[in-house]
Amino acid sequence: MFGSPGKLLTEFGKIGIGVYRTNIGFMDQAAALQGEVRMDVNRRIKQALDPNGIIAPGKSGIRI
């Protein structure tokens, strides 16, 4: 009815809608829509708070 989740994420990104909650299979794509600067900030915060990467690994496209 609405199309694939990946296509929806792409279309949302085109019109400026940021998706921050999605199935784990689409987290990398959703995170990429946030932009590289925001991803870098999120990565730095994750590194500071969870240096061993054990809390929700890969969540929101963040891998340390």
Side-chain angles (χ1 to χ4, degrees):
M1 176 175 174
F2 294 108
S4 74
K7 181 161 174 43
L8 284 174
L9 287 174
T10 299
E11 294 302 316
F12 288 159
K14 287 179 186 177
I15 59 174
I17 298 173
V19 177
Y20 61 93
R21 294 184 70 179
T22 186
N23 179 292
I24 194 162
F26 297 97
M27 284 190 184
D28 289 339
Q29 184 181 356
L33 295 174
Q34 305 292 324
E36 194 55 41
V37 173
R38 184 168 181 177
M39 284 296 299
D40 184 52
V41 169
N42 289 344
R43 208 173 284 116
R44 289 171 186 249
I45 292 170
K46 172 76 170 174
Q47 179 67 41
L49 298 176
D50 182 22
N52 296 319
I54 58 174
I55 301 171
K59 175 85 167 94
S60 299
I62 301 170
R63 289 173 184 73
I64 54 172

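Here, residue 1 is the first one in the sequence, and each next residue gets the next number.
- With values rounded to the nearest 0.5 angstrom, Leu8 atom CG is found 9.5 Å from Gln29 atom CD.
- For Ile55, the side-chain contact (heavy atoms from CB on, under 4.5 Å) partners are Lys46, Asp50, not counting sequence neighbours.
- To the nearest 0.5 Å, atoms CZ (Arg43) and CD (Gln47) are separated by 10.5 Å.
- Between Phe26 and the options Asp28, Thr22, Ile24, a side chain to side chain contact (heavy atoms under 4.5 Å, CB included) holds for only Thr22.
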Can you list, pair by pair, the side-chain donor-acceptor contacts under 3.5 Å of residues 30-39, counting residues two or more places apart and other chains?
unit_1, atom_1, unit_2, atom_2, d
Gln34, OE1, Arg38, NH1, 2.8
Gln34, NE2, Val19, O, 3.2

